[in-house]
Amino acid sequence: MLLLAVDTATPAVTVALHDGSSVLAAESQVDARRHGELLLPAVDRVLSEAGVGVGLGAVTDVVVGVGPGPYTGLRVGLATALAFGSALGVPVHGLCTLDGLAYASGLEEPFVVATDARRKEVYWARYADARTRVGEPAVDRPADLTERVAGLPAVGAGAFLYPAAFRDARAPEHQSAAALAGLAAELLAAGRTDEFLPPLPLYLRRPDAEVPKNYKVVTPK
Amino acid sequence: MADEPLVLGIETSCDETGVGIVRGTTLLADTVASSVDEHARFGGVVPEIASRAHLEAMVPTIERALKEAGVSARDLDGIAVTSGPGLAGALLVGVSAAKAYAYALGKPLYGVNHLASHICVDQLEHGPLPEPTMALLVSGGHSSLLLAPDITSDVRPMGATIDDAAGEAFDKIARVLHLGFPGGPVIDRLAKEGDPAAIAFPRGLTGPRDAPYDFSFSGLKTSVARWIEAKRNAGEEVPVRDVAASFQEAVVDVLTRKAVRACKDQGVDHLMIGGGVAANSRLRALAAERCERAGIRLRVPRPGLCTDNGAMVAALGAEMVARNRPASDWDLSADSSLPVTEPHVPGRTHVNEPDRDHGHGHGHGHDHDHVHELAKDNLY
Ligand SMILES: [Zn+2]
């Protein structure tokens with residue numbers, strides 16, 4: 001088993017290579033505006049760091065964080081993962097980005113994961129423990145969540161951004177593809193492949209139906 | 001000719017997910033998935049809807065193109081992708097997919113210019129482009145006159161619209177006439193039954209002191225809309241066919257007049273017309289007539305190659321390979337305002353490159369000083 005995991009649903013551009021028992025190489029860069037530029041060079045570095053004989057051709061599965069996350073960046077990881085899957089002829093497994101953060105937390109008590117959804121909202125979900133999400137991820141204003149998350153530890157940048165709602169913010173703040181790959185490796189080893197999500201984005205919001213002033217035209221400054 | 005470069009091209013700058021495959025100047029596959037129907041009820045392309053549709057269509061369209069061409073991805077000599085100009089989020093889907101394909105297959109990647117691709121596509125129809133070529137690009141997003149001494153390295157803006165694109169004017173007038181979106185085909189059809197001389201609509205920027213190669217369609221748009229409104233206010237029936245014909249005539253008269261003049265002034269004896277509006281039958285007819293009279297050879301690709309498609313990107317990519325132009329780097333970005341003067345985005349030379357991850361991250365140091373970008377709301 002050789003898993004290549006990528007996730008660009010949050011400000012982190014993160015890549016990992018996992019052989020089923022451990023992470024061979026991984027890297028993360030936090031830069032919310034350059035996902036498109038950063039991802040492929042990161043994949044390239046991770047592959048060369050993993051060492052001789054571990055080329056992209058040896059990858060057996062591609063794992064991708066499907067969000068929820070701000071759309072433009074989110075699509076970079078998905079388009080990349082889907083194209084890898086097609087070019088290499090290997091399956092592409094989707095995982096909820098929040099599940100990666102939950103898995104990385106290692107918590108064994110109930111908690112929440114919250115990431116920044118911009119527009120003063122968070123993407124969030126509740127967990128019974130690091131491997132067990134309770135319900136579907138959602139997007140909400142932190143102020144509207146205060147009661148529902150009261151007393152629960154909270155993982156992810158959304159928790160750190162809104163301390164009034166999330167009083168007990170915990171690490172990790174950022175998503176790591178290494179955690180996502182670790183989770184995927186567990187599912188694959190246990191044959192629980194039906195728990196993967198289709199490699200399609202979790203937008204959770206309808207698109208803003210705004211036609212730019214000169215639609216069709218694209219307008220640089 | 002098996003030694004000609006086999007290139008796959010990806011185009012996602014607007015609402016069409018296009019993938020084309022060419023061998024040299026021979027078209028092998030041209031597949032398109034369009035999200036145009038999803039935009040119709042908004043009266044224009046909604047960027048987020050386009051981006052979502054691109055992501056869903058991207059890989060299936062690539063696989064369909066490979067199948068249609070009957071080639072193996074392993075045999076490709078390169079992968080080309082529109083890196084700009086276009087809608088940023090839409091471009092990014094194509095660029096990300098192209099990079100991953102190229103990387104996974106171990107093929108060179110060519111980020112190319114959408115406008116240069118529109119010109120280069122004619123090689124698939126009429127063989128190698130003469131050098132230089134004069135090109136008139138007209139669509140919902142473009143209205144440009146370009147001189148291309150070398151389509152892979154030297155494209156010069158001669159003129160451009162200072163306000164609306166020509167195709168946009170068609171869409172707007174179609175909307176005022178309640179004809180739906182997009183407006184080009186329906187106006188073209190109705191105009192055939194109307195009188196182009198029925199109403200004297202203005203010809204923008206055609207005065208002796210106006211910029212000889214620039215276009216303006218905003219005044220025409222307003223004038224037509226006002227004329228229709230006046231008829232309606234007077235309780236009279238709007239002669240839709242005559243309005244369509246007279247409006248269309250005003251647009252194509254200016255376009256062809258300026259294009260032919262640019263050819264004459266520059267001593268160029270070839271004119272190519274590309275972009276979605278090049279499908280307009282009256283534009284083709286009038287251009288043919290005026291070119292013939294001026295001794296200019298007109299080249300217009302078939303309508304399917306005039307609108308945005310992947311074949312045009314593949315065509316330019318193949319030319320990049322054929323002329324040994326440097327490939328792009330893996331950090332190629334989508335550049336929504338890539339200037340027309342940059343036919344492709346070459347990788348940096350890998351010498352003296354102390355900190356490539358610093359700064360804005362564009363692989364090319366252009367300063368977006370678009371000489372012909374007279375109106376800030378327009379592209380070129
Ligand atoms: Zn175009």
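Protein chains get the first letters and strands the later ones, always in sequence-line order, with residue 1 at the start of each. Keep in mind it's a predicted model, so treat the numbers as computed, not measured.
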Visitor: Tell me which of these, Thr80(A), Thr72(A), Leu88(A), has more heavy-atom pairs under 4.5 Å with chain B than the rest.
Guide: Thr80(A)

Visitor: Out of Asp44(A), Leu56(A), Leu200(A), Val59(A), return the one with the most heavy atom pairs under 4.5 angstrom to chain B.
Guide: Asp44(A)

Visitor: Between Ala97(B) and chain A, with a heavy-atom cut-off of 4.5 Å, which part of the residue counts as in contact: side chain, backbone, both or neither?
Guide: both

Visitor: To the nearest 0.5 angstrom, please state how far the CG atom of Leu92(B) sits from the CD atom of Glu37(A).
Guide: 9.0 Å

Visitor: Could you go step by step and tell me if Leu78(A) and Val93(B) meet the side-chain contact (heavy atoms from CB on, under 4.5 Å) rule?
Guide: CA-CA 9 Å; Leu78(A) 276 157; Val93(B) 174; over 6 Å; no

Visitor: Which heavy atom of Lys99(B) sits nearest a heavy atom of Gly36(A), and at what distance?
Guide: NZ-O, 2.6 Å

Visitor: Heavy atoms only: give me the nearest Asp331(B)-Pro41(A) pair and the separation to one decimal.
Guide: CB-CG, 3.7 Å

Visitor: Which bit of Arg74(B) is near chain A, if near means a heavy-atom gap under 4.5 Å: side chain, backbone, both or neither?
Guide: side chain

Visitor: Of Val43(A), Leu40(A), Leu39(A), which is the lone residue that meets side chain to side chain contact (heavy atoms under 4.5 Å, CB included) with Trp330(B)?
Guide: Leu40(A)

Visitor: Does any backbone or side-chain atom of Leu332(B) lie under 4.5 Å from a heavy atom of chain A? Answer side chain, backbone, both or neither.
Guide: backbone

Visitor: Measure distances from Leu47(A) to the heavy atoms of chain B and classify the residue's part below 4.5 Å as side chain, backbone, both or neither.
Guide: side chain

Visitor: When rounded to the nearest 0.5 angstrom, what distance separates CZ in Phe84(A) from OG in Ser96(B)?
Guide: 10.5 Å

Visitor: In a table with atom names and distances, give each donor-acceptor pair under 3.5 Å that connects a side chain of residues 172-185 of chain A to protein atoms at least two apart or in another chain.
Guide:
unit_1    : atom_1 : unit_2    : atom_2 : d
Gln175(A) : OE1    : Leu101(A) : N      : 3.3
Gln175(A) : NE2    : Asp7(A)   : OD2    : 2.8
Gln175(A) : NE2    : Thr97(A)  : O      : 3.3
Ser176(A) : OG     : Ala179(A) : N      : 3.1

Visitor: Specify the closest pair of heavy atoms between Ala83(A) and Val59(B), including all atoms of both residues, with the distance to one decimal.
Guide: N-CG2, 3.8 Å

Visitor: Looking only at heavy atoms and a cut-off of under 4.5 Å, which of Arg52(B), Glu48(B), Glu63(B), Met58(B) has the most pairs with chain A?
Guide: Arg52(B)

Visitor: Would you give the length of the straight line joining atom CG of Leu105(B) to atom OG of Ser86(A), rounded to the nearest 0.5 angstrom?
Guide: 8.5 Å

